[in-house]
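Before any comments, here is the structure.
A note on names: the letters A, B, ... follow the listed sequences, proteins ahead of strands, and every chain is numbered from 1.
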Protein chains: 2
Amino acid sequence: MKKFVTIRDVAKAAGVSINTVSRALNNKPDINKETKEKVLKVAKELGYIKDATATSLRYGLTKVIGVILEDSSNPFYSEVLKAVEMAARRRGFNVIFMNTEKDYELEEEAVRTMLSRRVDGIIIAPTQEKSGDIQLLMKASVPFVILGVHFDEIELPEVYSNDVRGSYLAVSHLIERGRKKIVYLSGFLYKSVARMRLEGYRKALHEHLIPFDQSYVFEVEEGVENSYRKMIEIIESGLEFDGVFCFNDISAIGAIQALREKGYLVPKDVSVVGYDDIAFAHFIQPRLTTVRIDKQREGEQAFELLYEMIKRKEIVNKQIVLDVELVVRETT
Amino acid sequence: MKKFVTIRDVAKAAGVSINTVSRALNNKPDINKETKEKVLKVAKELGYIKDATATSLRYGLTKVIGVILEDSSNPFYSEVLKAVEMAARRRGFNVIFMNTEKDYELEEEAVRTMLSRRVDGIIIAPTQEKSGDIQLLMKASVPFVILGVHFDEIELPEVYSNDVRGSYLAVSHLIERGRKKIVYLSGFLYKSVARMRLEGYRKALHEHLIPFDQSYVFEVEEGVENSYRKMIEIIESGLEFDGVFCFNDISAIGAIQALREKGYLVPKDVSVVGYDDIAFAHFIQPRLTTVRIDKQREGEQAFELLYEMIKRKEIVNKQIVLDVELVVRETT
DNA sequence: TTGTAGGCGTTATCAA
DNA sequence: TTGATAACGCCTACAA
């Protein structure tokens with residue numbers, strides 16, 4: 001089991017030396033045409049398949065990139081991941097991915113694994129709880145791109161979306177719909193994304209002369225269940241509100257469920273806006289108004305930035321900020 | 001950029017030979033305790049990270065498996081894929097995945113790439129249009145597991161769900177709800193899954209003494225849009241029906257959308273059952289009645305079967321058929 | 001145009 | 001207990 005044909009085997013069968021085989025296989029010029037054809041024929045007959053492992057070792061390049069994210073089955077990330085894979089493949093790269101489950105230890109372990117695999121580059125969506133692994137990456141001098149996150153303190157290659165603008169658009173839209181008391185179901189504020197979205201929220205309120213009220217902002221762990229429960233809690237607390245801006249579509253779905261159960265009509269009584277525009281945002285009922293991030297583009301851009309670094313063999317300290325779009329549907 | 005510390009560097013810095021370093025790193029017994037500690041210390045100081053590429057070449061084992069599927073962002077596959085990755089990691093394996101976009105050429109190319117990468121095993125969800133790549137895999141004598149598909153003609157290691165039973169349950173349930181004219185929005189029948197589900201459909205009708213009518217079976221390409229359009233078509237054709245059994249949840253969503261647009265109430269006028277129980281099945285409104293496949297288990301089982309083959313170094317010609325469960329919600 | 005030899009980073013065999 | 005050496009499969013100087 002698992003005995004592969006080597007160039008040595010091909011060489012012997014074709015009656016030439018191993019590097020004549022190598023030359024034939026790699027389209028080198030310095031080889032006789034007939035020899036080449038013969039070698040290629042023999043290689044095919046024997047079912048030769050080049051060992052990328054050996055080539056990697058020889059070249060010091062694996063043509064593999066690593067992708068590290070919290071949950072590859074999440075409808076947002078799964079689309080980004082797919083886009084990365086497709087973009088990578090177009091350039092002859094394969095991708096190894098690892099899930100961190102939002103666990104920093106797993107994230108750091110994933111980084112070490114990728115480094116050990118000698119991937120040519122890494123795309124990572126860090127949890128932002130700690131950033132020791134990012135330090136590790138910087139020291140390792142392996143090209144990497146931060147995905148979906150922006151670090152204020154250090155300048156790093158990043159691809160993320162313009163979420164200040166996104167949430168500004170979302171909240172302004174709510175206000176234009178006549179909503180004045182807008183709950184923000186936020187993610188944890190140690191995450192740059194949550195902070196940016198909070199900033200946009202505040203900006204929109206401010207521009208519309210609505211005072212910011214901290215008691216309308218709730219930091220809630222991600223997941224439908226969590227936002228569902230938090231929404232129930234908010235309703236039961238008696239807080240007055242007529243709009244809900246959600247950290248993402250998933251949490252919007254949870255919120256809408258809670259609202260419905262408590263007898264609120266969406267959007268008649270309460271308007272809801274989500275974020276991300278995952279595929280299901282326009283299949284749920286009522287169709288979700290949300291802020292669209294172009295996930296395919298995000299994945300592609302992340303790979304292309306990484307690729308540029310791999311090719312140029314140097315850090316390209318560029319922050320690519322993707323534009324974002326409000327998609328008005330039926331929940332507002 | 002990208003200069004890694006090698007055991008050679010460690011050896012020099014520690015004043016020992018390279019294989020003393022190797023011994024220390026790999027917890028070999030025949031090494032002096034102090035030497036070992038010193039080596040480990042130096043290795044850590046220098047930031048040594050083992051090169052898995054070299055180890056792979058040496059051992060003839062990469063500790064990488066390949067996963068080939070049509071669309072890693074599909075809510076069904078993305079969950080299975082994640083489960084595979086998690087299971088693999090527990091055993092010290094990493095995973096490279098490739099999307100085929102239901103294109104046989106890409107699928108075959110993916111197989112070649114995986115072979116070239118010398119992955120220790122492959123999990124593949126084949127399109128079933130052609131199967132030359134499966135032949136290739138068999139010849140290559142690399143362990144592989146077929147995911148979500150059953151081949152009648154050849155006995156191969158497979159993990160798939162009991163879809164005859166699943167659709168039998170679904171259709172029986174529709175009948176018990178008083179439905180008699182049940183449309184089957186099928187996938188293409190060259191796929192084993194579609195055939196199995198058709199069989200269950202027929203079986204349920206037969207047992208309930210409802211004659212099978214070919215004109216109620218529609219082969220439709222996957223995707224919400226396609227099932228949406230087909231459903232519109234069916235309605236406009238004037239066909240009488242009171243139930244719709246869908247190939248999967250995605251197609252159920254499309255069908256429900258069409259029904260709603262055409263003024264049908266679900267489930268009052270028409271009952272609808274989906275298949276897969278993707279995460280969103282219970283977020284859409286009305287909540288979708290569907291047949292649940294345990295996606296996590298499917299991924300785990302696929303990996304474990306593969307792992308068994310890798311460990312035993314021989315084909316384990318086992319077909320693992322996962323049980324399936326009817327989840328009654330609000331569309332029936 | 002072709003072949004020989006060395007090396008990529010590891011690990012295993014054998015000898016010291 | 002330790003060290004020298006060969007080998008995994010490939011590619012590239014260099015030599016022929």
Establish, with yes or no, whether the OP1 or OP2 oxygen of [N] is under 4.0 angstrom from a side-chain nitrogen or oxygen of [X].
| X | N | value |
| --- | --- | --- |
| B:Y48 | C:dG9 | no |
| B:K28 | C:dA12 | yes |
| A:T35 | C:dT2 | yes |

Can you tell me the distance, in whole Å, between the [atom1] atom of [X] and the [atom2] atom of [N]?
| X | N | atom1 | atom2 | result |
| --- | --- | --- | --- | --- |
| A:R8 | C:dA5 | CZ | P | 12 Å |
| B:K12 | C:dG9 | NZ | P | 12 Å |
| B:E37 | D:dT1 | CD | P | 14 Å |
| B:F4 | C:dG9 | CZ | C1' | 12 Å |
| B:N32 | D:dT1 | CG | P | 7 Å |
| B:D51 | C:dG9 | CG | P | 7 Å |
| A:E34 | C:dT2 | CD | C1' | 14 Å |
| B:L61 | C:dG9 | CG | P | 21 Å |

Name each donor-acceptor pair under 3.5 Å that joins a side chain in residues 122-138 of chain B to protein atoms two or more places apart or in another chain, with its distance.
| unit_1 | atom_1 | unit_2 | atom_2 | d |
| --- | --- | --- | --- | --- |
| B:T127 | OG1 | B:E107 | OE1 | 3.4 |
| B:T127 | OG1 | B:E129 | N | 3.2 |
| B:Q128 | OE1 | B:S192 | N | 2.7 |

Touch check for [X], heavy atoms < 4.0 angstrom, all strands: base, sugar-phosphate only, or nothing?
| X | result |
| --- | --- |
| B:S56 | nothing |
| A:D30 | base |
| A:I31 | sugar-phosphate |

For this session: Assert yes or no for the condition that the ring centre distance of A:F4 to A:Y48 is strictly below 6.0 Å.
Result: no

Exercise. Should we say atom CZ of A:R89 is surrounded by more than 12 heavy atoms from elsewhere, each under 6.0 Å from it?
Worked result: yes

Problem set entry | B:K33 and B:I31, any side-chain heavy atoms less than 4.5 Å apart | no

For this session: Compare all side-chain heavy atoms of A:E109 with those of A:E105 and state whether any distance is below 4.5 angstrom.
Result: no

Seminar exercise, completed: Exactly one candidate in A:E158, A:E304, A:E308 meets salt bridge (Lys or Arg N to Asp or Glu O under 4.0 Å) with A:K318; the answer is A:E308

Problem set entry | Per B:K50 side chain, nearest of listed nucleotides C:dG3, C:dT10, D:dC10 | C:dT10

For this session: Apply salt bridge (Lys or Arg N to Asp or Glu O under 4.0 Å) to B:E79 and list each qualifying residue two or more places apart in sequence or on a separate chain.
Result: none

Problem set entry | Contacting residues from residues 17-26 of chain A, given that a heavy atom lies under 4.0 angstrom of DNA chain C | A:S17, A:N19, A:T20, A:R23

Exercise. Want to settle it: does B:Y59 or B:P29 sit nearer the 5' end of DNA chain D, counting the closest nucleotide to each?
Worked result: B:P29

